[in-house]
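Data block below; observations after.
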There are 2 protein chains.
Amino acid sequence: MKWTDLTNEGCSVARTMSVLGDRWTLLILRDTLFGIRRFDDIQKRLKITRHVLSDRLKRLETHGLLERKPYQERPTRYEYHPTQAARDFVPVMQAMTAWAQTHLPTEKSEPYRFLDRETRHPTNPKVIDANTGAEITSKSIWVEANRSSSN
Amino acid sequence: MKWTDLTNEGCSVARTMSVLGDRWTLLILRDTLFGIRRFDDIQKRLKITRHVLSDRLKRLETHGLLERKPYQERPTRYEYHPTQAARDFVPVMQAMTAWAQTHLPTEKSEPYRFLDRETRHPTNPKVIDANTGAEITSKSIWVEANRSSSN
DNA sequence: CCAGTAGGTTCTGTTTTAGAACTCACTTTT
DNA sequence: AAAAGTGAGTTCTAAAACAGAACCTACTGG
C-alpha cells in the first residue's frame, strides 16, 4: 500500500495522517496557528526547502485547513490563514505537547506557550471523557474492534 | 534543514514528529495499542512494505515506545508491546480521532472504538485545561511566543 | 525430504526530499 | 532611468526514502 492511498480509510488516525502526516505539514500548520503566515517567514523559521513548503501549503489549502488571503496589492501577495478546521486541531496539538514534555524531555525551552485567554496562565491540558468527566488514560479505556474491514 | 535533525528542537510538536512523524509510524503504533503486535500481522493489516515496517519497529523500540518480547521458543519469535510512553499517547490519538470525525468525515465505519473501561460506552474525548476545568478550544486559548530561539 | 510459517533482509525502480539557483512582478534607491 | 531589493514562488540535480517483489533463515510438522 502507498502512503498516498490513505485518504479513504475508515480509521480516523489514518485519515488524519493522509492530511497532516507528510513531512513538515504539522509544523507548518503550527506556525500559521502561531501567527506566522507568509511564505518567506515560514521558510526562514523552519528552514525547509521552498519547494516542499510550496507543496505543503497547497495541500493544506486544498484540504481546507489553510486559506490564502491577499494582504497587499501591487504585487498581490498572500498569507495563509488557518481555517476553523485548523484551529480545532489546537487541542490535539496541546495534548501532543503535554505528551512530549513528559516523554521526550529537553532542556531547551518551548518556543511557544498556550495560555488561557482570560487568566493568561499556561494551560494544563488533559483529555477527558465528556460522558463521565473522568480523565482518559491508558487505564481508563478499552479498545474494541468494530467488526469491519481494513484500517 | 533536514527532517532527521528535528530531535533536539525546543518545540514539543517538532520532537513528537521526530519520533512519530515518519510515514506509517503512528499507524503501526496504533495497531500495537489495539493488540496487533506481530510482524506479519501488522504487515498484513497495513499492507506496507516489510522493509519499512522493520525500520519503524526498530525506531519505535529505540525511542522507548515499543518493547520486543519473545512469545515463543524454537524458533524464538517476538512481539512488539507498547510501553507506558506509547499507552500515554492514547489520549492524543483519541483527540485526533475526534477531530477527524468532525473535519474529515467518511461513510466507512471506524475499525476500532475506544470504550470506557467501566461503562463500556464509547468515549467522547474533549481536551480541557486542568487548571480551570474548562474545555480548551481555539477560542479559549492564547498563544504566546516564549522569547527564545528556533522552532 | 518436502511444505509451511514467522520474521526478517536484499534488490530494483520510482518518489520524495534537500539545497541551491533562478524567475517574476513589482517597489525603492541611486 | 538603471540598479538593487523584496516576497513568493519554480526549476534543477543529487541524495535519501519508499514500494513491491524476491530471497533468506530457523525452525515445525507431515
Side-chain angles (χ1 to χ4, degrees), chain A residues 1-7 9 14 17-28 31-32 35-63 66-81 150-151, chain B residues 1-7 9 14 17-28 31-32 35-63 66-81 150-151:
Chain A
M1 171 172 252
K2 274 181 284 181
W3 180 250
T4 43
D5 298 343
L6 237 47
T7 331
E9 292 296 332
M17 288 300 101
S18 82
V19 170
L20 297 174
D22 290 318
R23 278 189 181 183
W24 305 110
T25 300
L26 200 57
L27 301 181
I28 292 165
D31 274 8
T32 66
I36 300 165
R37 295 180 179 162
R38 298 181 184 177
F39 193 94
D40 275 25
D41 291 342
I42 301 173
Q43 195 276 323
K44 274 171 201 134
R45 243 191 52 75
L46 288 176
K47 293 184 277 300
I48 63 177
T49 191
R50 310 172 72 78
H51 174 223
V52 169
L53 176 55
S54 173
D55 175 78
R56 297 304 187 265
L57 290 170
K58 273 176 202 141
R59 280 177 201 276
L60 283 167
E61 200 193 343
T62 58
H63 284 118
L66 293 180
E67 222 175 333
R68 197 155 160 271
K69 292 184 181 171
Y71 69 90
Q72 71 163 41
E73 298 296 325
R74 297 214 305 286
T76 313
R77 299 203 190 291
Y78 298 89
E79 304 182 307
Y80 296 89
H81 285 260
S150 62
N151 244 2
Chain B
M1 170 171 247
K2 272 180 287 181
W3 180 251
T4 43
D5 298 343
L6 237 47
T7 332
E9 292 296 332
M17 288 300 101
S18 82
V19 170
L20 298 174
D22 289 317
R23 278 186 181 185
W24 305 109
T25 300
L26 201 57
L27 302 182
I28 292 165
D31 274 8
T32 67
I36 300 165
R37 295 180 180 161
R38 298 182 185 176
F39 194 94
D40 275 25
D41 291 342
I42 302 173
Q43 196 275 323
K44 274 171 203 136
R45 242 192 51 77
L46 288 177
K47 291 185 279 298
I48 63 177
T49 191
R50 309 171 73 79
H51 172 225
V52 168
L53 175 56
S54 173
D55 174 79
R56 297 303 186 269
L57 290 170
K58 273 177 201 141
R59 280 176 201 276
L60 283 168
E61 199 192 344
T62 59
H63 284 119
L66 293 180
E67 222 175 333
R68 196 155 161 272
K69 291 185 181 170
Y71 70 89
Q72 72 164 42
E73 298 297 322
R74 295 213 304 283
T76 314
R77 300 204 191 288
Y78 299 89
E79 302 180 311
Y80 296 88
H81 285 260
S150 62
N151 245 1

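All chains are named by letter (A, B, ...) in the order of the sequence lines, taking the proteins before the strands, and each is independently numbered beginning at 1. Since the structure is predicted, the reported quantities are computational estimates derived from the model, not experimental observations.
- One finds the CD1 atom of I42(A) at 6.5 Å from the CD1 atom of I28(A) (value rounded to the nearest 0.5 Å).
- For T76(B), the side chain to side chain contact (heavy atoms under 4.5 Å, CB included) partners are P70(B), E73(B), Y78(B), not counting sequence neighbours.
- Between the P atom of dG20(D) and the NZ atom of K44(B) lies a distance of 17 Å, rounded to the nearest Å.
- Within the structure, every pair that satisfies the salt bridge (Lys or Arg N to Asp or Glu O under 4.0 Å) test and touches residues 49-58 of chain B, not counting sequence neighbours, is listed here: D40(B)-R50(B), D55(B)-R59(B).
- Atom CG in L46(B) sits 8.0 Å away from atom CD1 in I36(B) (nearest 0.5 Å).
- Each of D41(A) and I48(B) has a nearest nucleotide on DNA chain D; the 5'-most of these lies closest to D41(A).
- Sequence order on DNA chain C of the closest nucleotides to L57(B) and K2(B) puts L57(B) first from the 5' end.
- Residues satisfying the side chain to side chain contact (heavy atoms under 4.5 Å, CB included) test with E61(B), not counting sequence neighbours, are R68(B).
- The backbone N or O of I48(B) lies less than 3.5 Å from a partner atom in the side chain of Q43(B), making a donor-acceptor pair.
- For the salt bridge (charged side-chain N to carboxylate O under 4.0 Å, His left out) test, no residue two or more places apart in sequence or in another chain qualifies with D5(A).
- Taking atom CD on E79(A) and atom C1' on dG7(D), their separation rounds to 12 Å, with Å as the unit.
- Qualifying salt bridge (charged side-chain N to carboxylate O under 4.0 Å, His left out) partners for R38(A), counting only residues two or more places apart in sequence or in other chains: E79(A).
- Residues T25(B) and V19(B) form no side-chain contact, since every pair of their non-hydrogen atoms from C-beta on lies 4.5 Å or further apart.
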For nucleotides 23-30 of chain D, give me one character per nucleotide, 5' to 3': B if any protein heavy atom sits under 4.0 Å from the base, S if the only such contacts are to the sugar-phosphate, - if neither. ---BSS--
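- Within the 4.5 Å cutoff, the side chain of M17(A) has heavy atoms near those of the W3(A) side chain.
- One interatomic measurement links the two molecules: OH of Y78(A) to C1' of dG7(D), which rounds to 13 Å at whole-angstrom precision.
- In summary, contact between chain B and DNA chain C, defined as any nucleotide atom under 4.0 Å from a heavy atom of the protein, begins and ends at dT5(C) to dG19(C) in the 5' to 3' direction.
- Following rounding to the nearest Å, D40(A) (CG) and dG7(D) (C1') show an atom-to-atom distance of 5 Å.
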Between the protein and nucleotides 16-18 of chain D, which nitrogen or oxygen pairs come in under 3.5 angstrom?
unit_1: dC18(D); atom_1: OP1; unit_2: R56(B); atom_2: NH2; d: 2.6
unit_1: dC18(D); atom_1: OP2; unit_2: R56(B); atom_2: NH1; d: 3.4
unit_1: dC18(D); atom_1: OP2; unit_2: R56(B); atom_2: NH2; d: 3.0
unit_1: dC18(D); atom_1: O3'; unit_2: R23(B); atom_2: NH1; d: 3.3

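- For the pair Y80(B) and L60(B), the minimum side-chain heavy-atom distance is 4.5 Å or more.
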